[in-house]
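See structure below.
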Amino acid sequence: MQNNFTIFNSLSRKKELFKPIHSPFVGLYVCGPTVYSDTHLGHARPNITFDLLFRYLTHLDYKVRYVRNITDVGHLEDETAGEGEDRISKKARQEHLEPMEVVQKYMNTFHRNLEQLNTLPPSIEPRASGHVIEQQEFIKQILANGYAYEVNGSVYFDILKYNEKYKYGKLSGRKLEDLQSNTRSLDSQQEKHNSFDFALWKKAAPGHIMKWPSPWSTGFPGWHLECSAMSVKYLGDVFDIHGGGMDLQFPHHECEIAQSTAALGKESVNYWMHNNMITINGQKMARSLGNFITLDQLFSGNHPALEQPYGPMTIRFFILQAHYRSTIDFSNEAMQAAEKGLQKLMKAVITLSKLNPSATSTINVDELRKKCYEALDDDLNSPILLSHLFDGVKIINSVVDGGEKIDATGLESLKELFNTLVFEILGLKDESTGKNDEKLTAELMKIIVELRQNAKTNKDWATSDKIRNELKSAGIALKDLKDGAEWERE
RNA sequence: GGUCGGUUAACCGAGUGGCUAGGUAGCGGUCUGCAAAACCGUUUACGGCGGUUCGAAUCCGCCACCGACCUCCA
């Protein structure tokens, strides 16, 4: 299969032509969330970014297996606090729930929010707690190959040993000496041979809820292991693309590389992709920093920092307006700009569907199409794609105004292009449609518009303005045309 | 302190050597009873100082500021 799709590979720090291992099949693994609290705006970024990737690869006729995990065990709150409490266990205790109730609750929210953002579900969504055996097998392999050691029922990865043959730190550009001098002193360090070694299996402290039997101790798997074990299980020893947020590059993805290489003797991932962060007031939005806005808060407007609610598609458009490797700064002003821009785009799609062809054409749709695909092929440059689409919007509106002409062939081509790019690939949708009482509203509006036309015929401007103004405050915009009038929801 | 990245107009953001994205906001015009929408035109730019070059927002050097990672994080 031929394509010109290039991906910026975080490992090589270069754009590379995308060549799947077993075309037309593509294996894609993306790090999912730890489900212990509500989904926030920051989470929308990777999910929309990799949804765009999934949609585009699928559009290019690849058969994509998209695996996105749910972390429901093994992430410690604070390793310095002695035993280190699991984030999920902590939340369970606070809310008087079973750990799995916490997981289910926030996983449900995550799924609902992502559906609202119109992201496609992954092909497989494995959970760490359901793959403890696979993770143990992975540890056994690493131990057998001599890259891990056991101390008091816990198993640690031996980075010095690993570094003799392979290079630890290649993804994040870190040197072992720097890590050595910079690693904090942790309690468990006494058990570790070196401060930078990381846990593959941790013996459970007394009272620890989420634990499993193992050859080493009753305990739980280390933080980085699940992704190595599950990606290899579902995508094979070597697969195409691994994605995630930039903040996971180190140590999470670095450790994944080390684990897979230590267990399998080779690296598992051909292309590493990392999305950048969403910032607020110039600072990363993060759960741990407490400066986050949840998606439900954004949708409802129920947050002190929000001047108004913002629809899921506004958020999707806002994110797509920046390139995925750049930071994007959240503000009400920026969101309102995105909302207006999205409206303009959606309005043009509707206008396009009603357009009448001319005998001749002044528009080169093929040229526009070419530019759009070049943008996508250039490491998913969605902002450039949108800029070309807005060129298209101008063309569509100019056809209505009579400044441009389009023939039947061009019109079909333009419709196909817009439908494919806007809905299928960018995954946007018109939020104003789908209301149940649309039909009744239409009937009522017909009557109101007719009454207003009568008033206008009688030059009764007071009445016609009153109707228009009151409709406006009810959220309906009336627009006078040469003959008659049309209306739309604002 | 170490590693990496950023600094583009009122705001959000593209852009890697000459062709000076796009959206939002502003201004002027066309249309209109008025307005809105749409269209046409248009104002604010490339952190600072040097250097390379016929030519630099783009390459190089220094400085300033901001951020990410180095602990869990999307």
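The sequence lines fix the lettering, A, B, ..., with proteins before strands; numbering per chain opens at 1.
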Touch class at under 4.0 angstrom, heavy-atom based, for [X] against every strand present:
{"X": "A:T49", "answer": "nothing"}
{"X": "A:K284", "answer": "base"}
{"X": "A:A322", "answer": "sugar-phosphate"}
{"X": "A:T351", "answer": "nothing"}
{"X": "A:A334", "answer": "sugar-phosphate"}

5'-most by nearest nucleotide on RNA chain B - A:P383 or A:S288: A:P383
5' precedence on RNA chain B between A:F250 and A:G341 (nearest-nucleotide basis): A:G341
For [N], does OP1 or OP2 lie under 4.0 Å from any side-chain N or O of [X]?
{"X": "A:T34", "N": "B:C72", "value": "no"}
{"X": "A:N381", "N": "B:G15", "value": "yes"}
{"X": "A:K479", "N": "B:A38", "value": "no"}
{"X": "A:R287", "N": "B:A74", "value": "yes"}

Interatomic distance where CG belongs to A:N69 and C1' belongs to B:A74 [whole Å]: 11 Å
So which protein N/O to nucleotides 39-41 of chain B N/O distances come out below 3.5 Å?
residue : atom : partner : partner atom : Å
B:C39   : OP1  : A:N397  : ND2          : 3.3
B:C39   : O4'  : A:D401  : OD2          : 2.9

Between the base of [N] and the side chain of [X], is there a donor and acceptor pair under 3.5 angstrom?
{"X": "A:N276", "N": "B:G67", "result": "no"}
{"X": "A:D247", "N": "B:C70", "result": "no"}
{"X": "A:R468", "N": "B:C34", "result": "yes"}

Sub-4.5 Å side-chain heavy-atom contact between A:I476 and A:K472: no
Nucleotide nearest A:Q283 (side chain, heavy atoms from C-beta), chosen from B:G13, B:A68, B:A74: B:A68
Options B:A74, B:G13, B:A21, nucleotide nearest the side-chain atoms of A:R45: B:A74
Paired stretches of RNA chain B - 3 or more consecutive Watson-Crick or G-U pairs, each distance under 3.5 Å: B:1-7 with B:64-70, B:10-12 with B:22-24, B:26-30 with B:38-42, B:47-51 with B:59-63
Centroid under 5.5 Å and tilt under 30°, A:F390 to B:G23: no
